[in-house]
*Asks:* 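Mind looking over this structure? Questions follow.
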Amino acid sequence: MRFNRCGNSGVLLPALSLGLWHNFGSVDDFGVAKQMVLRAFDVGICHFDLANNYGPMVGSAEENFGRIVKTQLGGHRDELFISTKAGHEMWPGVYGGNSSRKNLIASCDQSLRRLGLDYVDVFYSHRYDGVTPIEETMQALVDIVRAGKALYVGISKYPVELQRKCYEYLQARDTPCLLSQYPASMFRRASGVGTGSGMAPADGRGMSMPTNLEIAGLYGSGFVCFSPLAQGLLTDKYLQGIPQGSRAAKPTGFLRREQVTEARVVAVHRLNALAARRGQTLAQMALAWLLHDTRVTSVIMGASQVTQLNDNLLALDNTSFGDDELKAIDTILAPMEIQM
(Lines give C-alpha, C1' and ligand atoms only; values in the text may rest on other atoms or scores of the structure.)
Protein backbone atom coordinates (compact mmCIF):
# COMPACT_ATOMS: atom_id res chain seq x y z
CA MET A 1 0.00 0.00 0.00
CA ARG A 2 1.19 3.50 -0.81
CA PHE A 3 1.00 6.00 2.07
CA ASN A 4 0.80 9.79 1.85
CA ARG A 5 1.43 12.40 4.51
CA CYS A 6 -1.55 14.49 5.68
CA GLY A 7 -0.66 18.07 4.91
CA ASN A 8 1.84 19.50 7.40
CA SER A 9 1.27 16.78 10.00
CA GLY A 10 3.20 13.61 10.71
CA VAL A 11 0.17 11.41 9.98
CA LEU A 12 0.27 8.99 7.05
CA LEU A 13 -2.85 7.69 5.31
CA PRO A 14 -3.16 4.93 2.71
CA ALA A 15 -3.69 6.22 -0.82
CA LEU A 16 -6.94 4.25 -0.87
CA SER A 17 -9.19 4.25 2.18
CA LEU A 18 -12.39 2.29 2.82
CA GLY A 19 -15.62 4.23 3.21
CA LEU A 20 -18.60 2.76 5.03
CA TRP A 21 -21.22 5.10 3.56
CA HIS A 22 -22.98 2.26 1.74
CA ASN A 23 -23.10 -1.53 2.21
CA PHE A 24 -22.20 -1.65 5.91
CA GLY A 25 -25.56 -0.87 7.51
CA SER A 26 -28.20 -2.94 9.27
CA VAL A 27 -29.90 -3.78 5.96
CA ASP A 28 -26.67 -5.25 4.54
CA ASP A 29 -25.00 -8.64 4.96
CA PHE A 30 -22.82 -8.33 8.07
CA GLY A 31 -20.67 -11.28 7.02
CA VAL A 32 -19.77 -9.60 3.74
CA ALA A 33 -19.10 -6.30 5.52
CA LYS A 34 -16.74 -8.05 7.93
CA GLN A 35 -14.91 -9.76 5.05
CA MET A 36 -14.38 -6.41 3.31
CA VAL A 37 -13.07 -4.67 6.43
CA LEU A 38 -10.67 -7.51 7.23
CA ARG A 39 -9.46 -7.76 3.64
CA ALA A 40 -8.87 -4.01 3.55
CA PHE A 41 -6.84 -4.14 6.75
CA ASP A 42 -4.83 -7.13 5.49
CA VAL A 43 -3.68 -5.17 2.42
CA GLY A 44 -2.71 -2.06 4.37
CA ILE A 45 -5.90 -0.01 4.34
CA CYS A 46 -5.87 1.22 7.92
CA HIS A 47 -8.13 4.24 7.35
CA PHE A 48 -11.86 3.57 7.75
CA ASP A 49 -14.22 6.47 7.12
CA LEU A 50 -17.62 6.67 8.83
CA ALA A 51 -20.28 9.15 9.85
CA ASN A 52 -23.00 9.08 12.47
CA ASN A 53 -25.75 8.83 9.83
CA TYR A 54 -24.22 6.06 7.72
CA GLY A 55 -26.41 2.99 7.35
CA PRO A 56 -29.21 2.52 6.76
CA MET A 57 -30.48 2.59 9.46
CA VAL A 58 -28.64 5.66 10.67
CA GLY A 59 -25.89 4.73 13.10
CA SER A 60 -25.80 1.10 12.05
CA ALA A 61 -22.56 1.38 10.03
CA GLU A 62 -20.78 2.56 13.18
CA GLU A 63 -22.39 -0.24 15.18
CA ASN A 64 -21.32 -2.88 12.68
CA PHE A 65 -17.80 -1.53 12.40
CA GLY A 66 -17.59 -1.44 16.18
CA ARG A 67 -18.54 -5.13 16.29
CA ILE A 68 -15.80 -5.95 13.80
CA VAL A 69 -13.18 -4.00 15.74
CA LYS A 70 -14.21 -5.61 19.03
CA THR A 71 -14.24 -9.21 17.75
CA GLN A 72 -11.55 -9.13 15.06
CA LEU A 73 -9.31 -6.06 15.31
CA GLY A 74 -9.33 -5.14 18.99
CA GLY A 75 -5.63 -5.87 19.36
CA HIS A 76 -4.83 -3.60 16.40
CA ARG A 77 -6.46 -0.35 17.58
CA ASP A 78 -3.18 1.54 17.38
CA GLU A 79 -2.83 0.47 13.73
CA LEU A 80 -6.31 1.73 12.81
CA PHE A 81 -7.13 5.27 11.73
CA ILE A 82 -10.87 5.74 12.29
CA SER A 83 -12.79 8.84 11.30
CA THR A 84 -16.40 9.79 11.83
CA LYS A 85 -18.53 12.89 11.31
CA ALA A 86 -21.64 14.76 12.43
CA GLY A 87 -23.77 17.49 10.93
CA HIS A 88 -26.44 15.86 8.77
CA GLU A 89 -29.82 14.77 10.10
CA MET A 90 -29.40 11.91 12.55
CA TRP A 91 -32.56 11.65 14.63
CA PRO A 92 -36.00 13.35 14.67
CA GLY A 93 -36.25 16.51 16.67
CA VAL A 94 -34.89 20.00 16.86
CA TYR A 95 -31.41 18.85 17.95
CA GLY A 96 -31.10 15.91 15.57
CA GLY A 97 -28.91 17.58 12.97
CA ASN A 98 -26.95 20.64 11.86
CA SER A 99 -23.62 21.91 13.16
CA SER A 100 -24.34 23.42 16.55
CA ARG A 101 -22.13 22.72 19.55
CA LYS A 102 -24.97 20.77 21.16
CA ASN A 103 -25.41 18.50 18.14
CA LEU A 104 -21.71 17.87 17.49
CA ILE A 105 -20.80 16.99 21.08
CA ALA A 106 -23.86 14.79 21.55
CA SER A 107 -23.20 13.11 18.20
CA CYS A 108 -19.56 12.47 19.06
CA ASP A 109 -20.54 10.82 22.35
CA GLN A 110 -23.12 8.65 20.58
CA SER A 111 -20.65 7.66 17.85
CA LEU A 112 -18.09 6.56 20.43
CA ARG A 113 -20.70 4.39 22.15
CA ARG A 114 -21.73 2.76 18.88
CA LEU A 115 -18.12 2.18 17.88
CA GLY A 116 -17.14 0.92 21.31
CA LEU A 117 -14.12 3.24 21.34
CA ASP A 118 -12.62 5.73 23.76
CA TYR A 119 -11.68 8.07 20.92
CA VAL A 120 -11.68 8.43 17.15
CA ASP A 121 -8.66 9.54 15.20
CA VAL A 122 -10.51 12.28 13.32
CA PHE A 123 -13.84 13.90 14.07
CA TYR A 124 -15.28 15.95 11.21
CA SER A 125 -17.83 18.67 10.94
CA HIS A 126 -19.72 16.98 8.12
CA ARG A 127 -21.03 20.18 6.58
CA TYR A 128 -21.65 23.88 6.98
CA ASP A 129 -25.34 24.10 7.78
CA GLY A 130 -25.81 27.70 6.65
CA VAL A 131 -26.97 28.81 10.10
CA THR A 132 -24.52 27.99 12.88
CA PRO A 133 -21.65 30.48 13.25
CA ILE A 134 -18.33 29.01 12.17
CA GLU A 135 -16.84 29.94 15.54
CA GLU A 136 -19.39 27.80 17.40
CA THR A 137 -18.83 24.75 15.22
CA MET A 138 -15.03 25.01 15.23
CA GLN A 139 -14.89 25.55 19.00
CA ALA A 140 -16.93 22.38 19.46
CA LEU A 141 -14.30 20.51 17.43
CA VAL A 142 -11.50 22.03 19.53
CA ASP A 143 -13.25 21.00 22.75
CA ILE A 144 -13.84 17.46 21.48
CA VAL A 145 -10.08 17.11 20.98
CA ARG A 146 -9.29 18.68 24.36
CA ALA A 147 -11.70 16.23 26.00
CA GLY A 148 -9.75 13.32 24.49
CA LYS A 149 -12.62 12.15 22.32
CA ALA A 150 -10.69 12.70 19.07
CA LEU A 151 -7.02 13.09 18.21
CA TYR A 152 -7.60 15.42 15.26
CA VAL A 153 -10.38 17.37 13.56
CA GLY A 154 -11.51 17.79 9.98
CA ILE A 155 -14.06 19.61 7.84
CA SER A 156 -16.14 18.25 4.99
CA LYS A 157 -17.86 20.05 2.11
CA TYR A 158 -17.27 23.55 3.46
CA PRO A 159 -17.43 26.23 0.74
CA VAL A 160 -14.21 27.96 -0.26
CA GLU A 161 -15.18 31.26 1.31
CA LEU A 162 -15.46 29.60 4.75
CA GLN A 163 -12.47 27.25 4.59
CA ARG A 164 -9.92 29.92 5.49
CA LYS A 165 -12.04 31.00 8.45
CA CYS A 166 -12.23 27.40 9.72
CA TYR A 167 -8.50 26.79 9.32
CA GLU A 168 -7.52 30.07 10.95
CA TYR A 169 -9.83 29.57 13.93
CA LEU A 170 -8.53 26.04 14.52
CA GLN A 171 -4.88 26.99 14.08
CA ALA A 172 -5.19 29.85 16.56
CA ARG A 173 -6.29 27.29 19.16
CA ASP A 174 -3.51 24.78 18.43
CA THR A 175 -5.93 22.32 16.83
CA PRO A 176 -5.08 22.52 13.12
CA CYS A 177 -7.44 20.94 10.61
CA LEU A 178 -5.83 17.61 9.75
CA LEU A 179 -8.10 16.66 6.86
CA SER A 180 -10.49 18.32 4.44
CA GLN A 181 -12.92 15.99 2.69
CA TYR A 182 -14.69 16.78 -0.58
CA PRO A 183 -16.48 14.96 -3.39
CA ALA A 184 -14.19 14.56 -6.40
CA SER A 185 -14.24 12.49 -9.55
CA MET A 186 -13.69 12.80 -13.27
CA PHE A 187 -17.26 14.11 -13.45
CA ARG A 188 -16.87 16.43 -10.48
CA ARG A 189 -13.76 18.59 -10.60
CA ALA A 190 -14.96 21.73 -8.84
CA SER A 191 -12.82 20.95 -5.79
CA GLY A 192 -9.72 21.43 -7.93
CA VAL A 193 -8.50 17.84 -8.13
CA GLY A 194 -7.11 17.05 -11.55
CA THR A 195 -6.90 20.68 -12.65
CA GLY A 196 -3.13 20.80 -12.26
CA SER A 197 -2.87 24.24 -10.73
CA GLY A 198 -5.46 23.77 -8.00
CA MET A 199 -7.42 26.65 -9.51
CA ALA A 200 -10.95 26.38 -10.79
CA PRO A 201 -11.75 27.44 -14.36
CA ALA A 202 -11.78 31.16 -15.02
CA ASP A 203 -14.90 33.10 -14.18
CA GLY A 204 -16.67 35.42 -16.59
CA ARG A 205 -13.97 38.06 -16.09
CA GLY A 206 -11.20 35.64 -16.98
CA MET A 207 -10.01 35.38 -13.37
CA SER A 208 -9.15 32.00 -11.88
CA MET A 209 -10.91 31.22 -8.64
CA PRO A 210 -9.29 29.40 -5.72
CA THR A 211 -10.52 25.87 -5.10
CA ASN A 212 -11.02 23.76 -2.01
CA LEU A 213 -7.84 21.84 -2.84
CA GLU A 214 -5.74 24.97 -3.17
CA ILE A 215 -6.98 26.52 0.08
CA ALA A 216 -6.39 23.26 1.96
CA GLY A 217 -2.83 23.14 0.65
CA LEU A 218 -2.13 26.71 1.68
CA TYR A 219 -3.10 25.91 5.26
CA GLY A 220 -1.41 22.51 5.48
CA SER A 221 -4.57 20.42 5.60
CA GLY A 222 -4.58 16.99 3.99
CA PHE A 223 -7.14 16.43 1.24
CA VAL A 224 -9.43 13.40 1.00
CA CYS A 225 -11.71 12.66 -1.95
CA PHE A 226 -15.02 10.82 -1.66
CA SER A 227 -17.48 9.56 -4.31
CA PRO A 228 -14.55 8.93 -6.72
CA LEU A 229 -16.70 6.77 -9.02
CA ALA A 230 -19.65 9.19 -9.12
CA GLN A 231 -21.90 6.72 -7.29
CA GLY A 232 -21.07 3.99 -9.81
CA LEU A 233 -21.45 6.05 -12.97
CA LEU A 234 -17.69 5.81 -13.58
CA THR A 235 -17.82 2.03 -13.86
CA ASP A 236 -18.92 -0.32 -16.61
CA LYS A 237 -22.32 -0.70 -14.93
CA TYR A 238 -24.08 1.98 -16.99
CA LEU A 239 -22.53 1.35 -20.39
CA GLN A 240 -25.77 -0.18 -21.65
CA GLY A 241 -28.19 2.07 -19.80
CA ILE A 242 -29.59 1.80 -16.29
CA PRO A 243 -29.56 -1.80 -15.08
CA GLN A 244 -32.27 -3.13 -12.78
CA GLY A 245 -31.26 -2.94 -9.13
CA SER A 246 -28.62 -0.26 -9.69
CA ARG A 247 -28.51 2.93 -7.63
CA ALA A 248 -29.92 5.02 -10.47
CA ALA A 249 -32.84 2.59 -10.85
CA LYS A 250 -33.98 3.16 -7.27
CA PRO A 251 -36.49 5.94 -6.46
CA THR A 252 -34.23 7.33 -3.71
CA GLY A 253 -30.49 7.71 -3.46
CA PHE A 254 -27.59 9.91 -4.47
CA LEU A 255 -27.49 8.86 -8.14
CA ARG A 256 -30.77 9.71 -9.79
CA ARG A 257 -32.07 8.34 -13.05
CA GLU A 258 -32.05 11.79 -14.65
CA GLN A 259 -28.32 12.12 -13.92
CA VAL A 260 -27.51 9.20 -16.21
CA THR A 261 -27.77 11.44 -19.26
CA GLU A 262 -26.94 10.54 -22.83
CA ALA A 263 -23.94 12.89 -22.76
CA ARG A 264 -22.53 11.20 -19.67
CA VAL A 265 -23.11 7.71 -21.05
CA VAL A 266 -21.23 8.70 -24.22
CA ALA A 267 -18.40 10.07 -22.06
CA VAL A 268 -18.32 6.85 -20.02
CA HIS A 269 -17.97 4.81 -23.23
CA ARG A 270 -15.05 6.97 -24.38
CA LEU A 271 -13.38 6.84 -20.96
CA ASN A 272 -13.89 3.09 -20.83
CA ALA A 273 -12.11 2.68 -24.16
CA LEU A 274 -9.19 4.76 -22.88
CA ALA A 275 -9.04 2.69 -19.70
CA ALA A 276 -8.92 -0.51 -21.75
CA ARG A 277 -5.93 0.84 -23.68
CA ARG A 278 -4.23 1.44 -20.32
CA GLY A 279 -4.96 -2.12 -19.23
CA GLN A 280 -7.39 -0.95 -16.55
CA THR A 281 -11.09 -1.05 -15.88
CA LEU A 282 -12.91 2.28 -15.95
CA ALA A 283 -13.21 2.23 -12.16
CA GLN A 284 -9.49 1.59 -11.77
CA MET A 285 -8.63 4.44 -14.12
CA ALA A 286 -11.03 6.81 -12.33
CA LEU A 287 -9.32 6.08 -9.01
CA ALA A 288 -5.87 6.32 -10.56
CA TRP A 289 -6.75 9.67 -12.16
CA LEU A 290 -7.48 11.17 -8.73
CA LEU A 291 -4.31 9.71 -7.22
CA HIS A 292 -2.28 11.05 -10.12
CA ASP A 293 -2.76 14.45 -8.47
CA THR A 294 -0.04 14.30 -5.83
CA ARG A 295 -1.84 16.88 -3.70
CA VAL A 296 -4.51 14.27 -2.87
CA THR A 297 -3.83 12.52 0.42
CA SER A 298 -6.31 9.66 0.08
CA VAL A 299 -9.28 8.54 -1.99
CA ILE A 300 -12.19 6.93 -0.16
CA MET A 301 -13.54 4.00 -2.12
CA GLY A 302 -16.68 2.05 -1.45
CA ALA A 303 -17.25 -1.62 -2.10
CA SER A 304 -20.14 -4.06 -1.97
CA GLN A 305 -18.07 -7.25 -2.01
CA VAL A 306 -14.49 -8.38 -1.55
CA THR A 307 -13.95 -8.97 -5.28
CA GLN A 308 -14.87 -5.35 -6.00
CA LEU A 309 -12.46 -4.20 -3.30
CA ASN A 310 -9.69 -6.32 -4.80
CA ASP A 311 -10.38 -4.96 -8.29
CA ASN A 312 -10.24 -1.36 -7.08
CA LEU A 313 -6.92 -1.97 -5.35
CA LEU A 314 -5.37 -2.69 -8.75
CA ALA A 315 -5.72 1.02 -9.52
CA LEU A 316 -2.53 1.49 -7.51
CA ASP A 317 -0.56 -0.51 -10.08
CA ASN A 318 -0.66 2.40 -12.53
CA THR A 319 -1.38 5.95 -11.40
CA SER A 320 0.80 7.54 -14.08
CA PHE A 321 -0.75 9.25 -17.08
CA GLY A 322 0.94 10.44 -20.24
CA ASP A 323 0.30 13.94 -21.51
CA ASP A 324 -1.69 12.51 -24.41
CA GLU A 325 -3.90 10.54 -22.01
CA LEU A 326 -4.56 13.56 -19.80
CA LYS A 327 -5.40 15.65 -22.86
CA ALA A 328 -7.77 12.96 -24.11
CA ILE A 329 -9.51 12.82 -20.73
CA ASP A 330 -9.85 16.61 -20.59
CA THR A 331 -11.36 16.59 -24.08
CA ILE A 332 -13.90 13.94 -23.10
CA LEU A 333 -14.86 15.83 -19.94
CA ALA A 334 -14.84 19.32 -21.48
CA PRO A 335 -18.58 19.71 -22.29
CA MET A 336 -20.33 21.51 -19.45
CA GLU A 337 -23.21 19.04 -19.40
CA ILE A 338 -20.79 16.28 -18.42
CA GLN A 339 -20.02 17.81 -15.02
CA MET A 340 -22.16 16.78 -12.05
*Asks:* Can you confirm if the NZ or CZ of Arg67 lies within 45° of the ring axis of Phe65 and under 6.0 Å from the centre of its six-membered ring?
*Replies:*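 Judged by the rule (NZ or CZ under 6.0 Å from the ring centre, within 45° of its axis), Arg67 is not positioned above Phe65.
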*Asks:* Looking at side-chain heavy atoms only, is the closest gap between Ser107 and Asn52 below 4.5 Å?
*Replies:* yes
*Asks:* Taking the inter-plane angle between the rings of His126 and Tyr54 on a 0 to 90° scale, is it parallel (under 30°), tilted (30 to 60°) or perpendicular (over 60°)?
*Replies:* perpendicular
*Asks:* How about Tyr182 and Phe226: are their ring centres within less than 6.0 Å of each other?
*Replies:* no
*Asks:* Restricting to non-hydrogen atoms, name the atom on Leu170 and the atom on Cys177 that form the minimum distance, rounded to 0.1 Å.
*Replies:*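 Taking Leu170 first and Cys177 second, the nearest heavy atoms are CD1-CB, 3.8 Å.
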*Asks:* Heavy atoms, side chains only, cut-off 4.5 Å: are Gln308 and Met301 in contact?
*Replies:* no
*Asks:* With Phe81, which residues qualify under ring-ring contact (aromatic ring centres under 6.0 Å, His included), at least two apart?
*Replies:*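 Only His47 meet the ring-ring contact (aromatic ring centres under 6.0 Å, His included) criterion with Phe81.
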*Asks:* Mind jotting down which residue pairs meet the side-chain hydrogen bond (donor to acceptor under 3.5 Å, both in side chains) criterion with at least one end in residues 87-98? Sequence neighbours excluded, please.
*Replies:* His88-Lys157, Asn98-Arg127
*Asks:* Applying side-chain hydrogen bond (donor to acceptor under 3.5 Å, both in side chains), which residue pairs with at least one partner in residues 31-44 are found, sequence neighbours left out?
*Replies:* Arg39-Asn310
*Asks:* Is it the case that the side chain of Arg5 and the backbone of Ser9 share a donor-acceptor pair, with hydrogens and angles ignored and the cut-off at 3.5 Å?
*Replies:* yes
*Asks:* Provide the closest heavy-atom pair for Met36 versus Ser304 in the form atom of the first, atom of the second, distance.
*Replies:* SD-C, 3.5 Å
*Asks:* Do Leu18 and Phe41 have side chains that get closer than 4.5 Å, going by heavy atoms?
*Replies:*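 They are not in side-chain contact.
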